[in-house]
Amino acid sequence: MTNLIVGVFSVVVLAVTLWQCRGLRLTSRDICLAGLMCAATLVLRCILITVPTGGHISLGAMLPILLLSLVYDKRVAFISGWVTGILALFLLPGWQPVHWAQPFSEHLICFSALGYASIFGTDRRWKIIAGTAFAIALSVLSHIMAGAAFFGQYAWEGYGPWAYSILANLSGHGVEGVLTLLLVSVLPVQQLRRVVGTRRERK
């Protein structure tokens, strides 16, 4: 049952994200910005604070792709997230998959989900906060799903796979997400949008 839930979740999220990217034609500027945010995410993900439950809190690794979505284009953020997830398999310690399906249910979703930060728009502060909260929740949920499906054997005594995964991931990725949301809520997103400039489609 767990594998079915995780499988349906993964297929739905990846399919919707692909649909969101329809019509995207990458420009050289898109590729440069996506590459920069990908690199920043990977570097920040290497700087970790370990919590007692075994989870980790990184030094703001969620922020680059969130900002790419909020100040530029969510579709470019999705692409950056996918590339980050693939590179994480080879570059980040501890991110090697234990099952062939894990990259699809966790690695490709946990980073690309952050692109949903601008899903409600960016013209109001509450929309930015709501979208960021949604994106972070989806990212953390992918970790929880993967934890329950692929790491249940590490559950503490007396805990099932789901309880273990929820507690372990909320104490790490969940706390990091809350801190990131607080940071985004005070950032001057509109000013940053003016600095980065409007995305122009290639003709």
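Predicted, not measured: the structure shown is a model, and the values here were computed from it.
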- Partner residues of Phe150 under the ring-ring contact (aromatic ring centres under 6.0 Å, His included) criterion, sequence neighbours left out: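 Per chain and number, Phe150 pairs via ring-ring contact (aromatic ring centres under 6.0 Å, His included) with His99.
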- Item | Partner residues of Tyr164 under the ring-ring contact (aromatic ring centres under 6.0 Å, His included) criterion, sequence neighbours left out | Trp156
Which heavy atom in [X] sits nearest to a heavy atom in [Y], and how many Å separate them?
{"X": "Leu92", "Y": "Arg45", "answer": "CD1-CG, 3.3 Å"}
{"X": "Val13", "Y": "Thr17", "answer": "O-OG1, 2.7 Å"}
{"X": "Leu114", "Y": "Ile65", "answer": "CB-CG2, 3.8 Å"}
{"X": "Ser10", "Y": "Ile109", "answer": "CA-CD1, 3.8 Å"}
{"X": "Leu89", "Y": "Pro103", "answer": "CD2-CG, 4.2 Å"}
{"X": "Ala133", "Y": "Leu181", "answer": "N-CD1, 3.9 Å"}

Would [X] end up clustered with [Y] when hydrophobic side chains under 4.5 Å apart are linked, directly or stepwise?
{"X": "Ile57", "Y": "Val178", "value": "no"}
{"X": "Leu36", "Y": "Val195", "value": "no"}
{"X": "Trp162", "Y": "Leu4", "value": "yes"}
{"X": "Val16", "Y": "Leu14", "value": "yes"}
{"X": "Leu170", "Y": "Val175", "value": "no"}

Please list all pairs passing the salt bridge (Lys or Arg N to Asp or Glu O under 4.0 Å) test where one or both residues lie in [range], with sequence neighbours left out.
{"range": "residues 162-171", "answer": "none"}
{"range": "residues 140-159", "answer": "none"}
{"range": "residues 79-98", "answer": "none"}
{"range": "residues 7-22", "answer": "none"}

- Return yes if a side-chain donor-acceptor contact under 3.5 Å exists between Ser118 and Ser69, otherwise no.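 A donor-acceptor contact under 3.5 Å links the two side chains.
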Can you tell me how far the [atom1] atom of [X] sits from the [atom2] atom of [Y], to the nearest 0.5 Å?
{"X": "Ile79", "Y": "Cys38", "atom1": "CD1", "atom2": "SG", "answer": "11.5 Å"}
{"X": "Lys74", "Y": "Thr122", "atom1": "NZ", "atom2": "OG1", "answer": "10.0 Å"}
{"X": "Thr50", "Y": "Leu48", "atom1": "OG1", "atom2": "CG", "answer": "6.5 Å"}
{"X": "Leu26", "Y": "Leu33", "atom1": "CG", "atom2": "CG", "answer": "11.0 Å"}
{"X": "Asp123", "Y": "Ile128", "atom1": "CG", "atom2": "CD1", "answer": "8.0 Å"}
{"X": "Thr27", "Y": "Arg25", "atom1": "OG1", "atom2": "CZ", "answer": "10.5 Å"}

- Query: Transitive ILVMFWY cluster of Leu44 at side-chain heavy atoms under 4.5 Å: who else is in it?
  - Reply: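 Reading the cluster by chain and number, Leu44 sits alongside Ile47, Leu59.
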- Transitive ILVMFWY cluster of Val11, excluding itself - 4.5 Å side-chain cut-off: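 Via sub-4.5 Å side-chain contacts, Val11 links to none.
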- Task: Apply the test side-chain contact (heavy atoms from CB on, under 4.5 Å) to residues Tyr72 and Met37: give CA-CA distance (whole Å), side-chain angles for both, the deciding distance (0.1 Å), then the verdict.
- Result: CA-CA 12 Å; Tyr72 193 61; Met37 296 302 101; over 6 Å; no
- Would you call Val196 and Arg29 a side-chain contact if the rule is heavy atoms closer than 4.5 Å? yes
Decide if atom [atom1] of [X] counts as having more than 12 heavy atoms of other residues, nucleotides or ligands within a radius under 6.0 Å.
{"X": "Ile49", "atom1": "CD1", "value": "no"}
{"X": "Phe104", "atom1": "CZ", "value": "no"}
{"X": "Tyr159", "atom1": "OH", "value": "no"}

- ring-ring contact (aromatic ring centres under 6.0 Å, His included) pairs touching residues 74-93, sequence neighbours excluded, are Phe78-Tyr116
- Message: Considering only residues two or more places apart or on different chains, which pairs with a residue in residues 167-183 satisfy side chain to side chain donor-acceptor pair (under 3.5 Å)?
- Response: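 Only Thr53-Ser171, Ser58-Glu176, Ser165-Asn169 qualify under side chain to side chain donor-acceptor pair (under 3.5 Å).
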- Could you list the residues that satisfy side chain to side chain contact (heavy atoms under 4.5 Å, CB included) with Gln191, not counting sequence neighbours? Pro188, Arg194
- Query: Can you check whether Leu70's main-chain N or O pairs, donor with acceptor, with Arg193's side chain at less than 3.5 Å?
  - Reply: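 Between the backbone of Leu70 and the side chain of Arg193 there is a qualifying donor-acceptor contact (under 3.5 Å).
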- Query: Can any side-chain N or O of Ser80 pair as donor or acceptor with the backbone N or O of Ala77 at less than 3.5 Å?
  - Reply: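 It does not hold such a pair.
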- Task: Could you go through the side-chain contact (heavy atoms from CB on, under 4.5 Å) check for Ile5 and Thr2 one step at a time?
- Result: CA-CA 5 Å; Ile5 294 172; Thr2 295; 5.7 Å; no
For residues 134-149, which side-chain donor-acceptor pairs fall under 3.5 Å, sequence neighbours excluded?
residue	atom	partner	partner atom	Å
Ser139	OG	Cys110	O	2.6
Ser142	OG	Ser139	O	2.6
His143	ND1	Glu106	OE2	2.8

